[in-house]
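Notes to accompany the following structure.
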Amino acid sequence: MTTVTGQQQAAGPAPADEERPKTALQRLLGAQAVQILGVLLILVILFSIAESDAFLSVNNFRNIVVNVSILAIIGVAMTFVIITGGIDLSVGSVLVFSGVVAAKTMESLGGEGVGVALIGALVACVAGVCWGLLNGVLIAKAKVPPLIVTLGTLGMALGGAQIITGGIDVRGAPTVLTDNIGFGRLFGQIPYLSLIALVVVVLGAVLLHRTRFGRYTYAVGSNDEAARRAGVKVDRHLILIYTLAGFCAGLAGILNLAFFASTTIAGQSNTALNVIAGVVIGGTSLFGGIGTIAGTVVGLFIPAVLQNGFVIMGVQPFWQQVVVGAFLITAVYVDQVRRASAARGASSRRSLSSRFSRPAGARRKEAQ
Amino acid sequence: MTPALEARGLRREFGHVRALDGVDFDVDPGEVVALIGDNGAGKSTLVKALSGSLAVDSGELLSDGRPVTIDTPTAARALGIETVYQDLALAPHLDPVQNMYLGREVMKPGLLGRLGFMDHAEMRKHTRTAFTDLGATVRDFAAPVGSMSGGQRQQIAVARAAAWASRVIFLDEPTAALGVVQTRNVLDLIRRVRDRGIAVVFISHSMPHVIEVADRIQVLRLGRRVATYDAKKTSMEELVGAMTGAISQGAA
């Protein structure tokens with residue numbers, strides 16, 4: 001695999017005291033997001049050579065982009081969550097719950113107007129925010145591990161949606177929603193769904209990489225105690241991030257409703273896992289402190305391109321799951337190698353890897 | 001000279017353990033005071049009490065002669081007191097500039113700043129200056145500090161404290177995990193901070209380092225200050241004797 005060898009070279013020699021600073025280009029090439037982009041391009045080229053007519057068309061690319069759009073909105077928030085060292089398994093269920101509540105609200109209001117659709121969107125986002133807030137408070141204040149909290153709310157939100165609907169999907173949404181947001185295109189070319197996703201991605205990237213909020217997100221994931229001592233309000237920050245995840249899931253819920261014209265209660269059981277896989281493939285570390293929005297977007301495209309390409313080539317689509325699984329494991333392996341080399345010579349007590357592998361210097365000192 | 005920070009009769013009990021038993025402490029501006037004592041003598045507890053990480057049961061604190069309350073790390077910081085903790089308290093994935101300004105980011109002026117945008121150029125410039133002034137050997141300002149050596153990270157932690165402290169810096173075992181050259185750099189750093197008129201208090205188990213860099217040495221035993229020595233006129237035997245209780249100094 002090209003990525004693995006490239007990674008090991010990038011993580012090569014242990015840093016010396018008088019090490020020369022890396023150039024911007026070296027840094028860029030060392031970023032997992034860039035390497036994974038190379039993999040994505042290779043996939044696209046391979047499929048283009050194999051099936052140039054069917055794969056290499058505007059329509060097909062638009063299909064892929066639309067398929068990624070809803071996942072990308074959740075993926076942006078998931079990137080924040082995973083950078084703090086957390087996880088959110090509940091996003092798929094929250095998406096369903098928000099869609100259900102919005103659909104029920106719009107149904108009872110009746111009509112096909114813009115006002116009804118806007119109220120529906122608002123209701124979906126508020127429902128998502130509520131679940132996110134619950135997640136955040138339980139994680140930050142009650143100190144229950146994120147995995148358990150969001151596993152719990154995963155069941156609660158899905159169960160809640162089924163109680164409200166009796167387990168039967170609410171079908172139909174105001175046509176203004178389905179026709180414009182679901183299937184509408186700007187200039188007849190660019191789907192509005194993808195435009196909304198693009199806006200969320202850009203806003204998320206600016207928030208993460210350019211603002212103090214983003215800086216604190218990395219700091220909390222890197223060393224929460226250091227952040228706390230430096231005066232960062234860690235608990236409040238975590239609550240905000242899980243609330244953001246809930247909001248994005250709610251937004252995805254109304255878009256999902258617009259696209260499928262159904263609440264897809266049974267169809268979202270793998271959404272959270274697919275998003276997490278994309279985020280991790282894109283180079284965000286499950287251990288916190290590392291990650292980019294760009295990486296997440298690329299990471300989400302890889303499963304989508306594989307799926308699309310396999311279908312076109314007539315390969316059984318089940319193979320996509322096998323290959324994505326392998327990608328996921330490779331991505332985490334590469335992350336481990338990267339973190340092990342980053343912690344070389346380090347004595348941070350909080351670093352997981354240094355707890356198991358002592359730096360060579362310490363061992364030498366003890367031997368004397 | 002009025003002490004930069006003075007403690008009188010601090011007491012703190014943990015259940016039945018009397019960690020601080022009416023301990024006194026003082027440090028003057030532009031002075032390096034070493035705080036030594038055997039394990040459990042109360043060194044770390046005292047530093048925690050003086051840097052706002054731990055509440056005391058009784059006793060008073062004076063800063064520049066005025067009575068003060070230091071009940072949170074924020075209160076300590078407001079008084080110009082910074083602490084370098086034993087476990088460094090740096091975020092390993094952030095670079096030196098980001099660590100330097102963590103929790104104190106310089107925001108862009110105007111609307112952009114209010115939206116949460118930071119002034120990266122300003123922070124980078126000041127970090128570079130701060131490091132150069134202290135002679136720190138950190139070269140790469142864009143690499144994560146987790147990839148740097150223990151000595152460089154210790155320098156970053158000390159430089160950060162020095163940049164923000166206006167009165168006192170506490171250093172808890174600053175040389176414990178360092179090699180020879182790196183230890184030398186940190187000790188030089190301590191002297192340079194002192195030369196700016198800041199009081200430096202450091203805890204160490206290494207008697208040669210203590211004698212080398214400190215101006216005064218205060219010895220704790222069983223939660224009390226049992227002796228104060230002029231570092232120029234004392235010996236390792238005397239210090240160890242005071243720590244273990246073999247020697248008792250009349251005027252502590």
Side-chain angles (χ1 to χ4, degrees), chain A residues 11 14-24 26-27 30 83 85 206-207 209-216 218-234 285 287-291 338-339 341-351 353-354 359 361-362 364-365, chain B residues 51-53 72-74 77 82-95 98-108 112-113 115-118 120 123 137-155 157 160 164 176-182 185:
Chain A
D17 228 14
E18 298 291 335
E19 182 192 26
R20 248 182 304 154
K22 285 184 189 154
T23 64
Q26 279 174 318
R27 253 181 243 290
I83 288 174
V206 169
L207 185 66
H209 301 299
R210 284 279 158 257
T211 70
R212 180 163 60 182
F213 185 87
R215 176 69 49 82
Y216 286 175
Y218 286 103
V220 168
S222 182
N223 184 349
D224 60 336
E225 191 53 38
R228 207 168 273 122
R229 286 178 189 172
V232 177
K233 295 190 181 87
V234 173
S285 170
F287 297 91
I290 299 175
R338 170 197 304 262
R339 282 166 3 89
S341 74
R344 206 169 289 159
S347 61
S348 168
R349 293 172 180 201
R350 270 165 232 288
S351 138
S353 56
S354 71
R364 230 178 298 126
K365 240 177 283 166
Chain B
S51 59
S53 302
T72 61
T74 321
R77 238 175 280 153
E82 292 286 327
T83 312
V84 178
Y85 298 93
Q86 203 165 358
D87 49 6
L88 296 171
L90 297 175
H93 301 93
L94 301 188
D95 67 36
Q98 293 168 340
N99 266 295
M100 186 89 172
Y101 278 89
L102 185 58
R104 289 161 161 144
E105 287 78 6
V106 177
M107 309 307 283
K108 284 215 163 100
L112 277 178
L115 285 174
F117 289 87
M118 297 172 289
H120 296 281
M123 291 192 277
T137 59
V138 175
R139 295 278 167 274
D140 194 347
F141 286 83
V145 302
S147 69
M148 297 181 184
S149 70
Q152 285 179 322
R153 281 187 295 159
Q154 189 63 266
Q155 288 175 2
R160 176 171 72 174
W164 299 109
L178 302 185
V180 178
V181 180
Q182 298 170 335
N185 284 335

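All values reported here derive from a predicted model rather than from experimental measurement. Order of the sequence lines sets the chain letters (A, B, ...), proteins ahead of strands, with each chain counted from 1.
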Nearest-0.5 Å distance that lies between atom CD in B:E105 and atom OG1 in A:T211: 10.0 Å

Within 6.0 angstrom of A:R210 CZ, more than 12 heavy atoms from elsewhere: no

Test: A:R212 cationic atom under 6.0 Å from B:F117 six-membered ring centre, within 45° of axis: no

Side-chain heavy-atom pair B:L90, A:N223 within 4.5 angstrom cut-off: no

Those residues that, when tested against A:Y216, pass ring-ring contact (aromatic ring centres under 6.0 Å, His included) (two or more places apart): none

Top contributor to chain A contacts, counting heavy-atom pairs under 4.5 Å, from B:R104, B:R77, B:H120: B:R77

Set of residues satisfying side-chain contact (heavy atoms from CB on, under 4.5 Å) with respect to B:Q98, sequence neighbours excluded: A:R215, B:L94, B:D95

Minimum side-chain heavy-atom gap A:Y218-B:H93 below 4.5 Å: no

From OG (A:S222) to CG (B:N99), nearest 0.5 Å: 7.5 Å

